[in-house]
**Q** 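Sharing a structure below in structure tokens format, with a few things to ask.
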Amino acid sequence: MMLIFQVYKELLKYYGYQNWWPVHEGQNRIVEVSVGAVLTQNTSWSNVEKSLENLISANCLNFECLVDIDLEVLKNLIKPSGFYNQKAKTLKELSKLFLSKENIEREDLLAVKGIGKETADSILLYALDKPYFVTDSYTKRLFYRMGFIKEKISYDELQSFITESIPKDIDIYKEFHALIVKYCKELCTKKPKCGGCFLSCNFKKVV
DNA sequence: AGCCAGGCCAAGC
DNA sequence: GCTTGGCATGGC
């Protein structure tokens, strides 16, 4: 289904490269991306930013500190991004994994409590530069509305549907997902703003 | 003032 | 196997 790749091209043309996971000055990209991926679960990025700033101020945006730091203190630092009781534990376990294993695989990440498929794939793609396409609720909403998929498609089905339709290229994977998020936040919102849509291929709009 | 945000897990059919 | 409720803050 080349139409999928056409969507990517049009999004890219309209928005340009997103260069996701803005890394704060002087921070380790792998740590920041991995922590950000956990913190942003069902949470807006603006809230995640506050937590990241807190961690940086506390000199704790690194796996060593995250393992050692008192759990309650960590909860307090990441409080702005919500679900802090579970996310604090997840961050500790994830950090332990990174410190104990050289080559992190998808199954390692999925074994961490609090890390599901989407978070695992985000870390694999954006932190570890491995070709795993990230699908989220936005991705599903967009392609469902365009009539490409059924509403109740599973994560695995949606992921393979997309990867079978686009080149296996890490940079395309990174940009496409980021562009989908951008587009869905701006236009393909819960109540879609189809009037402002620029995609030529959205032949099946939902108003 | 409610709804929503870059999910995940455990419990219950 | 699929559905549901709980988790929590901040922005609009």
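In the text below, chain A, chain B and the rest are named by the order of the sequence lines, each starting its count at 1.
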**Q** Could you tell me how far apart Glu186(A) (CD) and dA5(B) (P) are, to the nearest whole angstrom?
**A** 15 Å
**Q** Strictly by modelled atom types, are Asp136(A) and Thr139(A) linked by a side-chain donor-acceptor pair under 3.5 Å?
**A** yes
**Q** Reading nucleotides 4-12 of chain C from the 5' end, what letters show protein touch, with B for base, S for backbone sugar-phosphate only, - for no heavy atom under 4.0 Å?
**A** ---BBBSS-
**Q** Taking side chain to side chain contact (heavy atoms under 4.5 Å, CB included) as the definition, give me every residue that meets it alongside Ser46(A), ordered by chain and number, with sequence neighbours left out.
**A** Ser44(A)
**Q** Does anything in residues 179-195 of chain A pair up under salt bridge (Lys or Arg N to Asp or Glu O under 4.0 Å), and if so which pairs, sequence neighbours excluded?
**A** none
**Q** Within a strict 4.5 Å, meaning less than it, do heavy atoms of the Lys174(A) and Tyr126(A) side chains meet?
**A** yes
**Q** Over how many whole Å does the gap from Gln18(A) atom CD to dG6(B) atom C1' extend?
**A** 13 Å
**Q** Quick one, Val134(A) with Tyr173(A), criterion side chain to side chain contact (heavy atoms under 4.5 Å, CB included). Give me CA distance, side-chain angles, the key distance, then yes/no.
**A** CA-CA 8 Å; Val134(A) 180; Tyr173(A) 281 17; over 6 Å; no
**Q** With sequence neighbours excluded, give me every salt bridge (Lys or Arg N to Asp or Glu O under 4.0 Å) pair touching residues 54-74 of chain A.
**A** Glu72(A)-Lys75(A)
**Q** Starting at the 5' end of DNA chain B and moving along, which residue's nearest nucleotide shows up first, Val112(A) or Val181(A)?
**A** Val181(A)
**Q** What is the distance, rounded to the nearest whole Å, between atom CG of Asp156(A) and atom C1' of dC2(C)?
**A** 15 Å
**Q** Which value, rounded to the nearest 0.5 Å, describes the distance between Asp121(A) atom CG and Arg106(A) atom CZ?
**A** 4.0 Å
**Q** Taking only residues at least two apart or on different chains, which pairs with a member in residues 60-150 of chain A satisfy disulfide bond (SG atoms under 2.5 Å apart)?
**A** Cys60(A)-Cys65(A)
**Q** Are Val181(A) and Tyr132(A) connected into the same hydrophobic cluster when the rule is that any two of I, L, V, M, F, W, Y join if their side-chain heavy atoms are below 4.5 Å apart?
**A** yes
**Q** Could you check how far CG of Leu39(A) sits from P of dA5(B), rounded to whole Å?
**A** 18 Å
**Q** If the threshold is 4.0 Å, N to carboxylate O, is there a salt bridge linking Lys117(A) and Asp156(A)?
**A** yes
**Q** Which atom pairs link the protein and nucleotides 10-13 of chain B when you take only N or O atoms and keep those under 3.5 Å?
**A**
none

**Q** For DNA chain C, write out the stems as range with range, using runs of 3 or more consecutive Watson-Crick or G-U pairs with both distances under 3.5 Å.
**A** B:2-5 with C:9-12, B:7-13 with C:1-7
**Q** Checking Glu118(A) against Thr135(A): is there a side-chain donor and acceptor pair closer than 3.5 Å?
**A** no
**Q** In whole Å, I'd like the distance from the NZ atom of Lys191(A) to the P atom of dC4(B).
**A** 9 Å
**Q** Given the P atoms of dC3(B) and dG5(C), what is the spacing between them in whole Å?
**A** 15 Å
**Q** Using whole Å, report how far CG of Leu91(A) lies from P of dG7(B).
**A** 16 Å
**Q** Donor-acceptor pairs under 3.5 Å, side chain of residues 107-115 of chain A to any protein atom, not counting sequence neighbours: which ones?
**A**
residue: Asp108(A); atom: OD2; partner: Lys101(A); partner atom: NZ; Å: 2.9
residue: Asp108(A); atom: OD2; partner: Glu105(A); partner atom: N; Å: 2.8

**Q** With sequence neighbours left out, write down each residue that passes ring pair (Phe, Tyr, Trp, His ring centres under 6.0 Å) with Tyr8(A), or none if nothing qualifies.
**A** Phe5(A), Phe176(A)
**Q** Could you list the residues that satisfy side chain to side chain contact (heavy atoms under 4.5 Å, CB included) with Ile149(A), not counting sequence neighbours?
**A** Lys140(A), Phe143(A), Tyr144(A), Ile153(A), Leu158(A), Phe161(A)
**Q** Write down the distance between CG (Leu109(A)) and P (dC9(B)), rounded to a whole number of angstrom.
**A** 12 Å
**Q** Sticking with atom P, work out how far dA10(B) lies from dA8(C), rounded to a whole angstrom.
**A** 14 Å
**Q** Rounded to the nearest Å, what distance is computed from the OH atom of residue Tyr155(A) to the P atom of nucleotide dG6(B)?
**A** 16 Å
**Q** P atom, dG6(B) versus dC12(C): distance in rounded Å?
**A** 13 Å
**Q** Cut-off 3.5 Å, side chains only: do Ser154(A) and Glu157(A) have a donor facing an acceptor?
**A** yes
**Q** Between Ile56(A) and Gln27(A), is a side chain to side chain contact (heavy atoms under 4.5 Å, CB included) present by the stated rule, with each step listed?
**A** CA-CA 8 Å; Ile56(A) 290 171; Gln27(A) 301 302 317; 3.7 Å; yes
**Q** Give me the residues of residues 126-143 of chain A where at least one heavy atom lies under 4.0 Å from an atom of DNA chain C, by number, or none.
**A** none
**Q** Let's see if you get this right: which residues in residues 170-180 of chain A place a heavy atom under 4.0 Å from DNA chain B?
**A** none
**Q** So does Arg29(A) pair up with Asp129(A), basic N to acidic O under 4.0 Å?
**A** yes
